[in-house]
Amino acid sequence: MSEKLTTRAEDYSRWYNELVVRADLAEQSGVRGCMVIKPYGYAIWEKMRDYLDARFKETGHQNAYFPIFIPKSYFSKEAHHVDGFAKECAVVTHYRLKNAEDGSGIVVDPDAKLEEELIVRPTSETIIWDTYRRWIQSYRDLPILVNQWANVVRWEMRTRLFLRTAEFLWQEGHTAHATREEAIAEAQKMLDVYAEFAENIMAVPVIKGHKTENERFAGAEDTYCIEAMMQDGKALQAGTSHFLGQNFAKAFDVKYADKDNNMSYVWATSWGVSTRLMGALIMTHSDDNGLVLPPALAPIEVVMVPIYKNKEQYDILCKKMSETAAALRAEGISVKIDDDDSQKPGWKFHEYELKGVPVRLVLGPKDLEKDQYEVARRDTMTKEFMPMENIVESVKNLLNDIQKNLYNKALALRTERTYKVNTWEEFLDVINVKCGFALAPWDGTTETEEKIKELTKATIRCIPLDSVEEDGVDMLTGKPSKRRVVFAKAY
RNA sequence: CGGGGUGUAGCGUAGUCCGGUCAUCGCGCCUGCUUUGGGAGCAGGAGGUCACAGGUUCGAAUCCUGUUACCCCGACCA
């Protein structure tokens with residue numbers, strides 16, 4: 001435990017992996033590509049989930065739950081959808097095991113083959129739209145605004161804790177609407193919910209935009225996304241919201257009768273964020289000393305550590321800290337008093353820094369004499385003394401300040417590493433040398449996009465919603481460009 | 001899924017080429033005492049199917065085959 005983390009400068013991806021494990025967030029399981037999310041990591045995910053769930057409900061959605069298994073036939077009804085997901089599906093083919101005849105153990109019973117294979121959901125559009133067909137007859141049944149919290153499975157070639165695992169946790173919203181306009185408005189609204197969550201709660205600045213046709217969700221007419229920049233300058237797609245048009249309604253024959261008794265296909269959206277947000281959180285704020293958590297998501301916002309020479313002091317300090325802790329908790333702040341006698345203060349300081357606890361209050365005999373706490377903040381690694389008298393106000397202000405500071409720091413990094421480029425040379429410099437986002441003109445064709453990806457591994461992260469029309473020329477083809485788009489290497 | 005690397009106690013490791021008292025060391029863990037303002041010290045102690053499964057051999061951590069997991073590089077992706 002006394003070993004230091006690999007630093008970001010030494011090896012960014014190794015730093016990430018070590019940090020996830022050492023901070024007790026998650027670890028590798030015995031199952032290929034699947035992780036165990038440990039209690040401390042899960043506590044952060046729960047906080048994310050609780051915030052988002054509340055926002056979904058405020059925006060009129062209800063939770064429901066659909067099966068983990070999808071009959072193969074459902075899955076193939078929407079052509080683009082099956083193309084997009086076929087290569088990464090886990091499939092259930094049998095329903096029984098038996099003892100091997102040669103005594104070598106348990107084997108799949110060949111007699112127990114399913115009539116129709118079941119896909120372990122990689123996403124639930126098909127099973128949900130098959131259900132919606134039965135739920136929707138009239139315009140009075142619309143809109144349907146449903147979300148589910150679930151696990152999904154995508155058989156990825158190469159996995160990384162939180163960023164890309166074969167099984168992951170997420171939420172998927174699936175809504176049905178009478179009109180195109182309403183569905184588009186819904187997709188945009190949920191994108192806003194995601195963006196506000198990312199920025200205000202995670203303290204992660206994001207760019208809202210459209211995906212290009214090429215990067216669009218399989219089966220969508222338009223995909224909106226939020227893109228964040230990690231500390232190494234690479235992009236991470238943090239959430240997506242899809243306008244699905246009538247594709248799934250047509251595939252599953254979901255129609256409604258309007259007021260004049262005309263039958264029309266229903267309009268759809270779907271939107272989701274996953275445990276990948278944990279990866280975004282870690283890679284945005286953490287440093288070489290360990291995790292750095294924004295107070296809004298920290299399972300422990302304040303840790304209190306006593307420093308003492310004997311039992312008598314220990315008792316006095318613990319009593320004092322309990323009073324302060326109670327006052328802080330009354331303000332809704334989560335506090336842990338680490339009164340464990342088996343570890344020394346120095347050990348505890350390192351431990352809570354590794355775990356990203358935003359604020360540490362230290363109380364020793366000297367502080368008690370002066371009626372003060374030593375207050376350390378994780379984001380800047382600085383310490384100061386604060387009078388005990390108004391410690392609750394001071395800590396509240398400090399937590400707010402840390403939350404803002406983390407956002408501002410991340411925004412400053414993104415601003416610093418985002419470059420407007422016009423020529424191919426400038427572009428290569430940004431992508432390969434400076435490692436950042438390139439705001440570049442693009443001729444709007446998939447061919448050019450693919451060519452650039454092939455040459456540089458950079459992809460179009462999004463066409464920002466706030467991009468302005470600007471005549472330019474594509475840096476690769478010289479063809480006319482209408483607006484700048486965001487290029488970057490991505491996770 | 002292709003190429004390369006790795007797997008020895010909870011973690012990190014030595015030993016693998018050249019088979020034979022080699023299972024080494026550090027951290028952690030347990031007990032006791034002393035400690036406690038930035039990862040404590042001393043003393044004693046516990047802990048291993050050498051990734052897994054076969055094979056070669058009088059004998060395998062070491063050689064051979066297969067499998068599995070992780071890491072790096074590609075292709076795929078939230």
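Order of the sequence lines fixes the chain letters, A, B, ..., with proteins taken first and strands second; residue numbering starts at 1 for each chain.
Residue-level contact check: A:K87 touches neither bases nor backbone, having no heavy atom under 4.0 Å from any strand. Using a 4.0 Å heavy-atom distance criterion, A:P306 is classed as making no nucleic acid contact. Here A:K311 lies out of heavy-atom contact (under 4.0 Å) with every strand. Within the nucleic acid shown, A:R360 comes within 4.0 Å of at least one base atom, counting heavy atoms only. Contacts of A:N310 with the nucleic acid, taken as non-hydrogen atoms under 4.0 Å apart, are absent. Here A:K366 lies in heavy-atom contact (under 4.0 Å) with a base. As judged by a 4.0 angstrom heavy-atom cut-off over every strand, A:E156 is placed among the base-contacting residues. Residue-level contact check: A:T275 touches neither bases nor backbone, having no heavy atom under 4.0 Å from any strand. Contacts of A:G279 with the nucleic acid, taken as non-hydrogen atoms under 4.0 Å apart, are absent. At the heavy-atom level, A:R158 lies under 4.0 Å from base atoms of the strands shown. At a threshold of 4.0 angstrom between heavy atoms, the contacts of A:T459 with the nucleic acid are absent. Residue contacts shown for A:F168 include a base, since a base heavy atom lies under 4.0 Å away. As judged by a 4.0 angstrom heavy-atom cut-off over every strand, A:V362 is placed among the base-contacting residues. Using a 4.0 Å heavy-atom distance criterion, A:L163 is classed as a base contact.
For B:G38, its base sits under 3.5 Å from the side chain of A:K383 at one donor and acceptor pair at least. Donor-acceptor pairing under 3.5 Å, judged by distance alone, is absent between the side chain of A:E353 and the base of B:G39.
A:R121 is linked by a salt bridge (charged side-chain N to carboxylate O under 4.0 Å, His left out) to nothing, counting only residues two or more places apart in sequence or in another chain. Applying the salt bridge (charged side-chain N to carboxylate O under 4.0 Å, His left out) criterion to A:R14, with sequence neighbours excluded, gives A:E18. Remark: A:N289 pairs with no residue by the side-chain hydrogen bond (donor to acceptor under 3.5 Å, both in side chains) rule, at least two apart or across chains. Residues satisfying the salt bridge (charged side-chain N to carboxylate O under 4.0 Å, His left out) test with A:K348, not counting sequence neighbours, are A:D338.
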Without placing hydrogens or testing angles, list every side-chain donor-acceptor pair under 3.5 Å for residues 77-89 of chain A, not counting sequence neighbours.
| from | atom 1 | to | atom 2 | distance (Å) |
| --- | --- | --- | --- | --- |
| A:E78 | OE1 | A:H80 | N | 3.1 |
| A:E78 | OE1 | A:H81 | N | 2.9 |
| A:H81 | ND1 | A:A218 | O | 3.0 |

For this session: Whenever both distances are under 3.5 Å in a Watson-Crick or G-U wobble pair, mark it; put RNA chain B into dot-bracket that way, with [ ] for crossing pairs and | when the partner is on another strand.
Result: ((((((((.[[[..)....(....]]].((((((.....)))))).....[[[[[..)....]]]]])))))))....
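Between A:W424 and A:T456 the shortest side-chain heavy-atom distance falls below 4.5 Å.
Where A:C34 and A:L236 meet RNA chain B, the nucleotide closest to each residue was compared, and A:C34 sits on the side nearer the 5' end.
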